[in-house]
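Lettering of chains follows the sequences in order, A, B, ..., and the numbering in each one begins at 1.
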Amino acid sequence: MRTTLVALFIAAALAVPSASRAQNTASENLTVSVNVIRALTLTKVSGSDLDFGINAAGTTPTAIAPGSGVQFEADGQANTQLLVTHSGDVDLTGPGDAIAFTANIVGNSADDAGSASVLPDATNVTLSAGGRFYFWLGGSLAALPASQAPGTYSANWTLTVAY
Amino acid sequence: MGVMQLTTPGSAKARAARTAWQSISLLLCMTIPATAQTLQPLQDLAIGDVITGTVRVVQPTDPSAASFSIFTLPNRDIHVQLSLPAGLQAAGSILTITFDPDSGAWSTTETAVGATRFDPASGVWVRTAGGKRTIYFWLGARVAPPLMQQTGEYGGVVTITATFP
(Lines give C-alpha, C1' and ligand atoms only; values in the text may rest on other atoms or scores of the structure.)
Protein backbone atom coordinates (compact mmCIF):
# COMPACT_ATOMS: atom_id res chain seq x y z
CA MET A 1 0.00 0.00 0.00
CA ARG A 2 2.73 2.44 0.93
CA THR A 3 4.63 1.71 -2.25
CA THR A 4 1.56 2.28 -4.36
CA LEU A 5 0.81 5.67 -2.76
CA VAL A 6 4.33 6.97 -3.21
CA ALA A 7 4.38 5.89 -6.83
CA LEU A 8 1.17 7.83 -7.54
CA PHE A 9 2.54 11.04 -6.00
CA ILE A 10 5.75 10.85 -7.96
CA ALA A 11 3.87 10.31 -11.16
CA ALA A 12 1.72 13.38 -10.50
CA ALA A 13 4.68 15.61 -9.66
CA LEU A 14 6.52 14.71 -12.84
CA ALA A 15 3.53 15.51 -14.95
CA VAL A 16 3.43 19.21 -14.03
CA PRO A 17 6.52 20.56 -15.79
CA SER A 18 5.76 18.96 -19.13
CA ALA A 19 2.26 20.44 -19.13
CA SER A 20 3.59 23.95 -18.32
CA ARG A 21 5.95 24.04 -21.29
CA ALA A 22 3.17 25.07 -23.65
CA GLN A 23 3.63 28.47 -25.33
CA ASN A 24 2.07 31.30 -23.38
CA THR A 25 1.80 35.05 -23.61
CA ALA A 26 1.60 38.06 -21.36
CA SER A 27 0.12 41.41 -22.28
CA GLU A 28 0.18 44.87 -20.72
CA ASN A 29 -0.63 48.43 -21.75
CA LEU A 30 1.38 51.64 -21.68
CA THR A 31 -0.20 55.03 -22.15
CA VAL A 32 1.14 57.72 -24.45
CA SER A 33 0.41 61.37 -23.75
CA VAL A 34 1.33 64.71 -25.26
CA ASN A 35 0.21 68.25 -24.55
CA VAL A 36 -0.10 70.30 -27.73
CA ILE A 37 0.29 74.02 -27.19
CA ARG A 38 -0.07 76.96 -29.53
CA ALA A 39 2.94 78.25 -31.37
CA LEU A 40 4.25 81.51 -30.01
CA THR A 41 4.35 84.58 -32.23
CA LEU A 42 5.66 88.07 -31.57
CA THR A 43 4.47 90.96 -33.72
CA LYS A 44 5.22 94.66 -33.82
CA VAL A 45 1.66 95.93 -33.83
CA SER A 46 1.92 99.71 -33.72
CA GLY A 47 4.45 102.41 -34.23
CA SER A 48 7.36 102.37 -36.57
CA ASP A 49 10.87 101.92 -35.30
CA LEU A 50 11.79 104.05 -32.31
CA ASP A 51 12.68 107.39 -33.89
CA PHE A 52 14.04 110.24 -31.78
CA GLY A 53 13.91 112.62 -34.69
CA ILE A 54 16.35 115.41 -35.48
CA ASN A 55 18.38 116.66 -32.54
CA ALA A 56 21.02 119.39 -32.48
CA ALA A 57 24.44 118.75 -31.00
CA GLY A 58 24.65 120.08 -27.46
CA THR A 59 21.04 119.16 -26.63
CA THR A 60 19.35 116.24 -24.94
CA PRO A 61 16.85 114.36 -27.12
CA THR A 62 13.37 114.13 -25.66
CA ALA A 63 12.69 110.80 -24.00
CA ILE A 64 9.95 108.63 -25.49
CA ALA A 65 7.46 107.12 -23.05
CA PRO A 66 6.74 103.43 -23.65
CA GLY A 67 3.11 104.13 -24.42
CA SER A 68 4.21 106.51 -27.17
CA GLY A 69 6.89 104.20 -28.50
CA VAL A 70 6.71 100.83 -30.18
CA GLN A 71 4.16 98.19 -29.21
CA PHE A 72 4.71 94.45 -29.56
CA GLU A 73 2.21 91.65 -29.03
CA ALA A 74 2.99 88.06 -28.09
CA ASP A 75 0.37 85.44 -29.00
CA GLY A 76 0.49 81.89 -27.69
CA GLN A 77 -0.91 79.30 -25.33
CA ALA A 78 -3.32 80.78 -22.80
CA ASN A 79 -2.10 81.17 -19.23
CA THR A 80 1.36 79.95 -20.13
CA GLN A 81 4.57 81.41 -18.81
CA LEU A 82 7.00 83.12 -21.16
CA LEU A 83 10.60 84.07 -20.74
CA VAL A 84 11.23 87.59 -22.03
CA THR A 85 14.70 88.64 -23.01
CA HIS A 86 15.76 91.83 -24.73
CA SER A 87 18.76 93.92 -25.69
CA GLY A 88 18.39 96.34 -22.81
CA ASP A 89 20.54 99.42 -23.14
CA VAL A 90 22.45 99.72 -26.41
CA ASP A 91 24.65 102.24 -28.16
CA LEU A 92 23.60 104.02 -31.33
CA THR A 93 26.40 104.19 -33.81
CA GLY A 94 26.94 106.64 -36.62
CA PRO A 95 29.56 109.01 -38.01
CA GLY A 96 30.65 110.24 -34.57
CA ASP A 97 30.91 108.96 -31.05
CA ALA A 98 28.32 106.35 -30.03
CA ILE A 99 25.19 107.65 -28.34
CA ALA A 100 23.93 105.69 -25.35
CA PHE A 101 20.29 104.54 -25.47
CA THR A 102 18.57 103.63 -22.22
CA ALA A 103 15.64 101.31 -22.90
CA ASN A 104 12.33 101.58 -21.08
CA ILE A 105 10.44 98.35 -21.79
CA VAL A 106 7.18 97.58 -20.03
CA GLY A 107 4.70 94.75 -20.39
CA ASN A 108 1.18 93.76 -19.49
CA SER A 109 -1.17 90.85 -20.10
CA ALA A 110 -3.83 93.48 -20.84
CA ASP A 111 -3.58 95.91 -23.71
CA ASP A 112 -2.91 98.85 -21.38
CA ALA A 113 0.46 100.55 -21.32
CA GLY A 114 -0.59 102.68 -18.37
CA SER A 115 -0.74 99.73 -16.00
CA ALA A 116 2.20 97.84 -17.49
CA SER A 117 5.22 96.83 -15.45
CA VAL A 118 8.88 97.40 -16.21
CA LEU A 119 10.45 94.27 -17.66
CA PRO A 120 14.13 93.74 -16.92
CA ASP A 121 15.95 91.35 -19.22
CA ALA A 122 15.19 87.65 -18.56
CA THR A 123 11.82 88.19 -16.94
CA ASN A 124 9.06 85.58 -16.74
CA VAL A 125 5.57 86.74 -17.65
CA THR A 126 2.28 84.91 -18.15
CA LEU A 127 0.09 85.04 -21.21
CA SER A 128 -3.49 86.13 -20.61
CA ALA A 129 -6.49 83.82 -20.73
CA GLY A 130 -6.71 84.87 -24.35
CA GLY A 131 -3.11 83.87 -24.93
CA ARG A 132 -1.71 87.40 -25.27
CA PHE A 133 0.92 89.62 -23.72
CA TYR A 134 1.74 93.18 -24.72
CA PHE A 135 5.02 95.10 -24.68
CA TRP A 136 5.82 98.77 -25.12
CA LEU A 137 9.30 100.11 -25.78
CA GLY A 138 10.36 103.67 -25.10
CA GLY A 139 13.59 105.10 -23.83
CA SER A 140 15.98 107.97 -23.75
CA LEU A 141 19.24 109.03 -25.35
CA ALA A 142 22.22 110.49 -23.59
CA ALA A 143 22.82 114.23 -23.88
CA LEU A 144 24.59 115.06 -27.13
CA PRO A 145 27.85 116.95 -26.66
CA ALA A 146 28.41 120.05 -28.73
CA SER A 147 31.10 118.15 -30.56
CA GLN A 148 28.75 115.35 -31.65
CA ALA A 149 29.31 114.72 -35.35
CA PRO A 150 26.18 115.25 -37.40
CA GLY A 151 24.57 112.32 -39.17
CA THR A 152 22.27 109.41 -38.61
CA TYR A 153 22.85 107.16 -35.61
CA SER A 154 21.10 103.84 -35.18
CA ALA A 155 21.12 100.50 -33.41
CA ASN A 156 19.20 97.27 -33.54
CA TRP A 157 17.19 96.37 -30.46
CA THR A 158 15.79 92.88 -30.08
CA LEU A 159 12.91 91.50 -28.01
CA THR A 160 12.61 87.74 -27.66
CA VAL A 161 9.91 85.61 -26.04
CA ALA A 162 10.04 81.88 -25.44
CA TYR A 163 8.03 79.24 -23.62
CA MET B 1 10.09 14.33 -0.08
CA GLY B 2 9.22 14.01 3.60
CA VAL B 3 7.71 11.20 5.69
CA MET B 4 5.01 11.77 8.25
CA GLN B 5 4.25 9.04 10.82
CA LEU B 6 0.85 8.61 12.46
CA THR B 7 0.41 6.44 15.57
CA THR B 8 -2.95 5.55 17.20
CA PRO B 9 -3.34 5.32 21.01
CA GLY B 10 -3.54 1.95 22.76
CA SER B 11 -1.47 -0.41 24.86
CA ALA B 12 2.24 -0.51 24.29
CA LYS B 13 2.00 -4.01 22.94
CA ALA B 14 -0.93 -3.19 20.73
CA ARG B 15 0.77 -0.02 19.55
CA ALA B 16 3.88 -2.01 18.78
CA ALA B 17 1.81 -4.51 16.83
CA ARG B 18 -0.10 -1.86 14.93
CA THR B 19 2.66 0.66 14.35
CA ALA B 20 4.20 -1.40 11.60
CA TRP B 21 1.14 -1.22 9.40
CA GLN B 22 -0.51 2.00 10.57
CA SER B 23 2.27 4.22 9.38
CA ILE B 24 1.33 6.36 6.41
CA SER B 25 3.87 7.86 4.13
CA LEU B 26 3.10 11.20 2.51
CA LEU B 27 4.98 12.78 -0.31
CA LEU B 28 5.37 16.52 0.23
CA CYS B 29 6.13 18.24 -3.00
CA MET B 30 6.27 21.75 -4.46
CA THR B 31 6.16 22.48 -8.13
CA ILE B 32 8.02 25.51 -9.53
CA PRO B 33 6.39 26.54 -12.79
CA ALA B 34 8.76 26.11 -15.69
CA THR B 35 7.52 29.39 -17.22
CA ALA B 36 7.78 31.82 -14.29
CA GLN B 37 7.76 35.14 -16.13
CA THR B 38 6.34 38.59 -15.71
CA LEU B 39 5.76 41.52 -18.03
CA GLN B 40 6.05 44.72 -16.04
CA PRO B 41 5.28 48.23 -17.38
CA LEU B 42 7.75 50.64 -15.80
CA GLN B 43 6.97 54.03 -17.30
CA ASP B 44 4.41 55.49 -19.66
CA LEU B 45 5.46 57.55 -22.67
CA ALA B 46 4.95 61.15 -21.55
CA ILE B 47 6.02 63.31 -24.47
CA GLY B 48 5.21 66.54 -22.66
CA ASP B 49 4.52 69.94 -24.20
CA VAL B 50 4.83 70.20 -27.96
CA ILE B 51 4.35 73.46 -29.80
CA THR B 52 2.25 73.46 -32.95
CA GLY B 53 4.39 73.68 -36.04
CA THR B 54 7.30 71.89 -34.39
CA VAL B 55 8.54 68.30 -34.30
CA ARG B 56 9.20 66.43 -31.09
CA VAL B 57 11.14 63.18 -31.15
CA VAL B 58 11.50 61.12 -28.01
CA GLN B 59 14.45 58.79 -28.28
CA PRO B 60 14.39 55.52 -26.34
CA THR B 61 17.32 56.89 -24.36
CA ASP B 62 15.35 59.98 -23.28
CA PRO B 63 14.11 60.10 -19.69
CA SER B 64 10.55 60.52 -20.97
CA ALA B 65 10.64 57.32 -23.06
CA ALA B 66 8.28 54.50 -22.12
CA SER B 67 9.85 51.48 -20.52
CA PHE B 68 8.92 47.98 -19.43
CA SER B 69 10.67 44.82 -18.36
CA ILE B 70 10.25 41.10 -18.78
CA PHE B 71 11.42 38.63 -16.17
CA THR B 72 11.82 35.03 -17.23
CA LEU B 73 14.14 32.05 -17.06
CA PRO B 74 17.76 32.23 -18.18
CA ASN B 75 18.49 31.33 -21.80
CA ARG B 76 14.90 31.84 -22.81
CA ASP B 77 13.64 33.20 -26.13
CA ILE B 78 10.92 35.83 -25.97
CA HIS B 79 9.03 37.52 -28.74
CA VAL B 80 7.80 41.04 -28.03
CA GLN B 81 5.16 42.59 -30.21
CA LEU B 82 3.88 46.14 -29.76
CA SER B 83 0.50 47.34 -30.90
CA LEU B 84 1.16 50.98 -31.74
CA PRO B 85 -1.40 53.75 -32.09
CA ALA B 86 -1.50 55.67 -35.36
CA GLY B 87 -2.99 58.67 -33.64
CA LEU B 88 -3.46 60.14 -30.19
CA GLN B 89 -6.88 61.40 -29.29
CA ALA B 90 -8.18 64.49 -27.58
CA ALA B 91 -11.75 65.72 -27.49
CA GLY B 92 -12.79 65.66 -31.11
CA SER B 93 -9.29 65.73 -32.51
CA ILE B 94 -6.53 63.31 -33.46
CA LEU B 95 -2.81 63.90 -33.46
CA THR B 96 -0.70 61.65 -35.66
CA ILE B 97 2.07 59.79 -33.86
CA THR B 98 4.79 57.81 -35.61
CA PHE B 99 7.49 55.44 -34.46
CA ASP B 100 10.85 55.48 -36.17
CA PRO B 101 12.58 52.19 -37.05
CA ASP B 102 14.93 52.77 -34.13
CA SER B 103 12.34 53.96 -31.62
CA GLY B 104 12.58 50.71 -29.70
CA ALA B 105 15.51 49.50 -27.61
CA TRP B 106 16.20 46.54 -25.36
CA SER B 107 18.97 45.46 -23.04
CA THR B 108 19.72 42.97 -20.33
CA THR B 109 20.92 45.88 -18.23
CA GLU B 110 18.78 48.68 -16.86
CA THR B 111 20.43 51.32 -19.04
CA ALA B 112 18.98 52.51 -22.33
CA VAL B 113 22.25 54.01 -23.50
CA GLY B 114 23.93 51.40 -25.68
CA ALA B 115 20.83 49.23 -25.80
CA THR B 116 20.00 47.33 -28.98
CA ARG B 117 17.61 49.28 -31.18
CA PHE B 118 14.67 47.67 -32.92
CA ASP B 119 11.71 48.68 -35.03
CA PRO B 120 8.73 48.72 -32.67
CA ALA B 121 6.36 48.20 -35.58
CA SER B 122 8.00 44.87 -36.39
CA GLY B 123 8.44 43.44 -32.92
CA VAL B 124 11.60 41.76 -31.76
CA TRP B 125 12.98 38.41 -30.62
CA VAL B 126 15.18 38.61 -27.55
CA ARG B 127 16.90 36.04 -25.37
CA THR B 128 18.01 36.07 -21.80
CA ALA B 129 21.67 35.17 -21.56
CA GLY B 130 24.64 35.21 -19.25
CA GLY B 131 22.57 34.26 -16.23
CA LYS B 132 20.37 37.35 -16.66
CA ARG B 133 16.67 36.83 -16.18
CA THR B 134 15.38 40.36 -16.83
CA ILE B 135 15.26 42.20 -20.13
CA TYR B 136 14.50 45.92 -20.23
CA PHE B 137 12.75 47.70 -23.08
CA TRP B 138 12.35 51.37 -24.01
CA LEU B 139 10.08 53.04 -26.54
CA GLY B 140 10.25 56.51 -28.05
CA ALA B 141 8.04 58.22 -30.61
CA ARG B 142 7.66 61.21 -32.93
CA VAL B 143 4.90 63.80 -33.09
CA ALA B 144 4.65 66.87 -35.30
CA PRO B 145 1.44 68.80 -34.66
CA PRO B 146 0.73 71.17 -37.56
CA LEU B 147 0.13 74.86 -36.85
CA MET B 148 -3.63 74.40 -36.99
CA GLN B 149 -3.65 71.39 -34.64
CA GLN B 150 -6.18 71.80 -31.86
CA THR B 151 -4.36 72.40 -28.61
CA GLY B 152 -4.86 70.20 -25.56
CA GLU B 153 -3.93 66.89 -23.98
CA TYR B 154 -3.80 63.92 -26.34
CA GLY B 155 -3.56 60.31 -25.27
CA GLY B 156 -3.27 56.78 -26.62
CA VAL B 157 -2.34 53.24 -25.67
CA VAL B 158 0.51 50.92 -26.62
CA THR B 159 -0.23 47.27 -26.02
CA ILE B 160 2.74 45.02 -25.31
CA THR B 161 2.46 41.31 -25.96
CA ALA B 162 5.26 39.01 -24.87
CA THR B 163 5.24 35.45 -26.15
CA PHE B 164 7.23 32.72 -24.46
CA PRO B 165 7.43 29.83 -26.93
Side-chain angles (χ1 to χ4, degrees), chain A residues 1-43 73-85 124-133 160-163, chain B residues 1 21 23-35 37-54 56 66-68 70 79 82-85 88 90 93 95 97 139 141 143 145 147 149-165:
Chain A
M1 182 63 180
R2 182 189 307 174
T3 303
T4 302
L5 278 172
V6 170
L8 284 173
F9 276 115
I10 291 173
L14 289 176
V16 173
S18 60
S20 66
R21 282 197 178 131
Q23 170 176 304
N24 60 74
T25 63
S27 186
E28 290 283 353
N29 288 336
L30 293 169
T31 64
V32 183
S33 63
V34 59
N35 184 32
V36 176
I37 61 177
R38 285 179 62 187
L40 187 60
T41 61
L42 181 62
T43 310
E73 178 184 313
D75 192 349
Q77 183 72 19
N79 304 313
T80 302
Q81 193 174 72
L82 300 182
L83 174 62
V84 180
T85 56
N124 287 311
V125 301
T126 302
L127 291 166
S128 68
R132 300 227 163 77
F133 198 90
T160 303
V161 292
Y163 284 127
Chain B
M1 184 176 78
W21 57 270
S23 296
I24 300 173
S25 294
L26 296 176
L27 176 66
L28 305 178
C29 63
M30 178 178 69
T31 302
I32 299 173
T35 54
Q37 64 258 326
T38 56
L39 168 59
Q40 179 68 50
L42 300 176
Q43 179 172 288
D44 291 327
L45 177 53
I47 298 173
D49 293 344
V50 180
I51 301 168
T52 57
T54 67
R56 175 73 191 280
S67 61
F68 59 95
I70 294 174
H79 184 251
L82 302 176
S83 175
L84 304 170
L88 304 179
S93 189
L95 171 65
I97 183 170
L139 177 67
V143 292
L147 282 172
Q149 182 77 42
Q150 180 180 316
T151 59
E153 291 276 355
Y154 289 75
V157 173
V158 172
T159 300
I160 315 155
T161 301
T163 303
F164 306 87

* **Verdict with supporting geometry, B:L45 and A:T31, side chain to side chain contact (heavy atoms under 4.5 Å, CB included)** => CA-CA 6 Å; B:L45 177 53; A:T31 64; over 6 Å; no
* Criterion side chain to side chain contact (heavy atoms under 4.5 Å, CB included) on A:L127 and A:L82, from CA distance to verdict -> CA-CA 7 Å; A:L127 291 166; A:L82 300 182; 3.6 Å; yes
* To do: Could you give me the CA-CA distance, side-chain angles and deciding distance for A:L83 and A:V161, then say whether side chain to side chain contact (heavy atoms under 4.5 Å, CB included) is met?
  => CA-CA 6 Å; A:L83 174 62; A:V161 292; over 6 Å; no
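With sequence neighbours excluded, no residue forms a ring-ring contact (aromatic ring centres under 6.0 Å, His included) with B:Y154.
Not one N or O on the side chain of A:E73 forms a donor-acceptor pair closer than 3.5 Å with the backbone of A:T43. Under the 3.5 Å distance criterion, the side-chain polar atoms of B:T52 are matched with a main-chain donor or acceptor of A:A39.
Contact of B:P145 with chain A is made through the side chain alone, with heavy-atom distances under 4.5 Å. The part of B:L88 that comes within reach of chain A is its side chain, from C-beta onward, which places non-hydrogen atoms under 4.5 angstrom from that chain. Residue contact with chain A, scored on non-hydrogen atoms closer than 4.5 Å, involves the side chain of B:L147 exclusively. For B:T54, no part lies near chain A; criterion is any non-hydrogen pair under 4.5 Å. Neither the backbone nor the side chain of B:I70 comes within less than 4.5 Å of any heavy atom of chain A.
Among B:V158, B:L84, B:D44, the single residue meeting the side-chain contact (heavy atoms from CB on, under 4.5 Å) criterion with A:V32 is B:V158.
Contact tally against chain A (heavy-atom pairs below 4.5 Å) for B:V157, B:I97, B:L42, B:L139: the top residue is B:V157. Contact count against chain A (heavy-atom pairs under 4.5 Å) is highest for B:I160 among B:T161, B:I160, B:I47. Note on B:G53, B:P85, B:G152: by heavy-atom pairs under 4.5 Å with chain A, the leading option is B:G152. Interface check for chain B: of the options A:A26, A:S27, A:G76, the most heavy-atom pairs under 4.5 Å are formed by A:A26. Here B:V50 is the residue among B:V50, B:D49, B:L95 with the most heavy-atom pairs under 4.5 Å with chain A. Per-residue counts of heavy-atom pairs under 4.5 Å with chain A were compared for B:V143, B:L82, B:T38, B:T151; the largest is that of B:T151.
Side-chain contact of A:T41 with A:D75: a donor-acceptor pair under 3.5 Å is absent, judged by distance alone.
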